[in-house]
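In what follows, every chain begins at residue 1, and chains take the letters A, B, ... in the order their sequences are listed.
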Number of protein chains: 4
Amino acid sequence: MTHFTDLVDGYRRFRTADYRRQHERWAQLAEGQSPKVMVIACSDSRVEPAQIFDTLPGEIFVVRNVANLVPPFENDGGRHGVSAALEFAVTKLNVEEIVVMGHGMCGGAHAALTEMFHDSPPGEGGFVHAWVSLLDEARERVKAKCGDGPGAAREMELETVRTSIANLRTFPFIPEREGAGRLTIHGAYFAISEGVLHLMDESGEFAPA
Amino acid sequence: MTHFTDLVDGYRRFRTADYRRQHERWAQLAEGQSPKVMVIACSDSRVEPAQIFDTLPGEIFVVRNVANLVPPFENDGGRHGVSAALEFAVTKLNVEEIVVMGHGMCGGAHAALTEMFHDSPPGEGGFVHAWVSLLDEARERVKAKCGDGPGAAREMELETVRTSIANLRTFPFIPEREGAGRLTIHGAYFAISEGVLHLMDESGEFAPA
Amino acid sequence: MTHFTDLVDGYRRFRTADYRRQHERWAQLAEGQSPKVMVIACSDSRVEPAQIFDTLPGEIFVVRNVANLVPPFENDGGRHGVSAALEFAVTKLNVEEIVVMGHGMCGGAHAALTEMFHDSPPGEGGFVHAWVSLLDEARERVKAKCGDGPGAAREMELETVRTSIANLRTFPFIPEREGAGRLTIHGAYFAISEGVLHLMDESGEFAPA
Amino acid sequence: MTHFTDLVDGYRRFRTADYRRQHERWAQLAEGQSPKVMVIACSDSRVEPAQIFDTLPGEIFVVRNVANLVPPFENDGGRHGVSAALEFAVTKLNVEEIVVMGHGMCGGAHAALTEMFHDSPPGEGGFVHAWVSLLDEARERVKAKCGDGPGAAREMELETVRTSIANLRTFPFIPEREGAGRLTIHGAYFAISEGVLHLMDESGEFAPA
């Protein structure tokens, strides 16, 4: 089992190997970041974008939360973490692509599908319940399509991607840039059980990469 | 420059190398995750926890947002992404350690210090401004200590860690577990320019690992 | 510049990362090796087979000498290092494939082509001269084909592969196993300047992989 | 099981990742090699120096043969592969350090200790027998010290390092450079069963690094 002391050991390896060997890259990164891709992924410990996409430091700007969710645009003066990251990546860093990646065995999608934390107070599931309420409409679609059948879990996981992409487009600066050909949005899904990445096509269907 | 097609290339490398070689690990991960450490880090493309800590899939549950911020506990029924992730990691996955990692050259900390997006509407900096308002009190402390001096930027970056840790402790389930010896909180700071990780001690001061 | 202390540092990284993470693999390797492929490559620091072929411990049995040369079968009771390795890999470990890999900018091939150490005593080039005399016939072919033209160096490098493969077949146990379909021989060439691997076809010609 | 097709897959990974990412390093390597360390190791598939020492392309000049043996200096005009590599590395490339690395479970050391191929013709063990006759004197020392006891195998493996180092010093250009402080020789031993590297001290004894 990995604890914080192992992370510090890991840092020492990073420091004597990757950091030292990519010294020029890091010297450049120290002057500023200019990633071209933003990735929105789940906090799940198994779906690390840098590992699944084998990227280097500086290549992807990353948001991670439960179920890789993007809430819709809300102009209410409130604190919106994903909106802030999105605004920064798209309008300040000028990323050219956004990838929303869902994954198999997603605890957040499971909670949305089963409403298992329906009556839980904050601190016992209530925060998760409120957060995944972003998937309420998606759950209705999944139930209509799959009932309680075996395909419902995966369908719900795919819906996290479709929902986040739909919500992305409620931010005015997104369709504006998509229309001008300056921004492209991609949907992806990592099926943990088989280790296979699926890509979403324009109709919202997923197929192995 | 890295684009989405490069990420798909990277996935193919992952698939034929890491995934295949760690087949047994992935078979185990397919049955469920059980990370012992949660990491809260910035979305910045240069501070990938899995790279800096050289971890494997399954080892760290990760939240990433602008300036690695944790808002305080709010029992208002609203959608709180970080709170949901925290609740899930601590009360459902039973992580034993939480690491908050700040970093040098942080755009979010810079925005908090300079209030550069003070008048910006949502979509032009307004979301970032609202989000980093979590650092308003910290900014006052930084100004009192450093004025407009050269140390203010780093001090503000260190304050992102201290503020998030203070806010973590407003969630009732956190001090409860800390008191019972079941949870430990760590502060860390990655100085990009020198590539050095700093660790926070109990008094809130940082020193190289 | 890398010195022995850096190698010991590297071992410590190996020990805390690769070795620990591949614990089960190493437990298995501790019971015996069973590589299916033997690789004969040059000692040149730039053509590490494990790096170019991205292999794991236990996968390839490796001989490395100047210019990746295999001397012909000699039944004279003398000490023959390559013959010993070949005998061990093919008749004891039962490898199923042998790869001879040449490379660009090969100092040994250059010495063979130019006969630059023709008059050098042992210790000043004489050992290299004697060793690459295995390429004397090859040099005649190269000179006949390319003269002193610009293609001669690469042709000589390709000849190191063809010569070694021809010599492999003077060992009775090699064609015997090839005939029975139990052993396959491959020729390869790594063009350092372009970083491209070339594979040899049955007629002895090379093309990018 | 790994076959040649897997090696070509591995090359494609190398090509799209390591080679591309270390483009500047390779551009420099394309102008010439200048390793500071020569490593003499066994052909055994489990003791890849680049993996155990976590080195990069260009860092180590490598000879690999059965039991990491260096024959003594012989001025007989014959073809001596190790002598050629040694001469090239020391007198042409001017390496500053030589590492001889033995290892546990060494088939060559085992053959030397047991004389198991004593009556085998070439192609059935005879080549190995002749090659490891370099260890005949070492075997006498091992038998005197350990008899047929359980420590004999490891003692024989350590003797491969001591014998090779003694033979290195029969090449006039070696002690000459050692005396002038321009060359240092190191003995090492990788204990496969425990994954531990041992370093040899000046008295020829080994201890964990």
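- A distance-only check finds no donor-acceptor pair linking the side chain of C/Gln33 to the backbone of C/Gly58 [under 3.5 Å].
- In this structure, C/Val62 and C/Met38 have side chains that are not in contact, with every pair of non-hydrogen atoms separated by 4.5 Å or more.
- Contact of D/Thr55 with chain C is made through backbone and side chain together, with heavy-atom distances under 4.5 Å.
- Contact count against chain C (heavy-atom pairs under 4.5 Å) is highest for D/Ile52 among D/Asn75, D/Ile52, D/Leu134.
- Aromatic pair D/Phe127/C/Phe73: ring centres closer than 6.0 Å.
- Contacts of C/Glu59 with chain D are made by both backbone and side-chain atoms, with heavy-atom separations under 4.5 Å.
- The greatest number of non-hydrogen atom pairs below 4.5 Å with chain D, out of C/Leu199, C/Ile192, C/Val66, C/Asp44, is found for C/Asp44.
- Between C/Glu48 and C/Arg64, at least one side-chain nitrogen of the basic residue sits less than 4.0 Å from a carboxylate oxygen of the acidic one, meeting the salt-bridge criterion.
- Contact count against chain C (heavy-atom pairs under 4.5 Å) is highest for D/Pro57 among D/Pro57, D/Pro121, D/Ala130.
- The 12-atom threshold is exceeded at CD of C/Glu140, counting heavy atoms of other residues, nucleotides or ligands nearer than 6.0 Å.
- Counting heavy atoms of neighbouring residues, nucleotides and ligands inside a 6.0 Å radius, atom NE2 of D/His3 exceeds 12 of them.
- With a 4.5 angstrom heavy-atom cutoff, D/Val128 touches chain C via backbone and side-chain atoms both.
- For a residue to count as touching a neighbouring chain, one of its non-hydrogen atoms must lie under 4.5 Å from one of that chain's; by this rule D/Trp26 touches chain C with the side chain only.
- D/Arg25 places no side-chain N or O within 3.5 Å of a backbone atom of D/Tyr19 that could act as its donor or acceptor partner.
- Residues D/Lys36 and D/Glu97 are not in side-chain contact: their nearest non-hydrogen atoms beyond the backbone lie 4.5 Å or more apart.
- Interface remark: D/Glu194 contributes backbone atoms only to the contact with chain C (heavy atom separation under 4.5 Å).
- Among C/Phe61, C/Phe4, C/Phe14, C/Phe173, the residue making the largest number of heavy-atom pairs under 4.5 Å with chain D is C/Phe4.
- Of all the listed residues (C/His129, C/Glu96, C/Glu124), the one sharing the greatest number of non-hydrogen pairs under 4.5 Å with chain D is C/Glu124.
- No other option in D/Ala41, D/Gly81, D/Ala85, D/Ala17 has as many heavy-atom pairs under 4.5 Å with chain C as D/Gly81.
- Annotation for D/Glu74: atom CD counts as buried by contact number, over 12 foreign heavy atoms lying within 6.0 Å.
- Most heavy-atom pairs under 4.5 Å with chain D, from the set C/Asp6, C/Thr91, C/Val63: that is C/Val63.
- When heavy atoms are compared at a cutoff of 4.5 Å, D/Pro172 does not approach chain C at all.
- For a residue to count as touching a neighbouring chain, one of its non-hydrogen atoms must lie under 4.5 Å from one of that chain's; by this rule D/Val39 touches chain C with the side chain only.
- The parts of D/Arg46 that come within reach of chain C are both its backbone and its side chain, each placing non-hydrogen atoms under 4.5 angstrom from that chain.
- Most heavy-atom pairs under 4.5 Å with chain D, from the set C/Ala30, C/Pro35, C/Gly195: that is C/Gly195.
- For D/Glu115, the CD atom is densely surrounded, since the number of other residues' heavy atoms within 6.0 Å is greater than 12.
- For C/His80, the parts sitting under 4.5 Å from any heavy atom of chain D are the backbone and the side chain alike.
- Only the side chain of D/Arg12 comes within contact range of chain C, judged by heavy atoms closer than 4.5 Å.
- Under the 4.5 Å side-chain criterion, counting only non-hydrogen atoms from C-beta, D/Asn167 is not in contact with D/Val82.
- The choice from D/Pro71, D/Gly126, D/Gly123, D/Ser193 that makes the most heavy-atom pairs within less than 4.5 Å of chain C is D/Gly123.
- Heavy-atom pairs under 4.5 Å with chain C were tallied for D/Val95, D/Asp9, D/Leu86, D/Val37; the largest tally goes to D/Val37.
- Interface remark: D/Pro49 contributes no atoms to any contact with chain C (heavy atom separation under 4.5 Å).
- Most heavy-atom pairs under 4.5 Å with chain D, from the set C/Val90, C/Leu56, C/Thr184, C/Asn65: that is C/Leu56.
- Contact record, D/Leu168 with D/Val100: CD1-CG2, 4.1 Å, taken as the closest heavy-atom pair.
- With C/Arg20 contributing its side chain and C/Thr16 its backbone, the two residues share a donor-acceptor pair below 3.5 Å.
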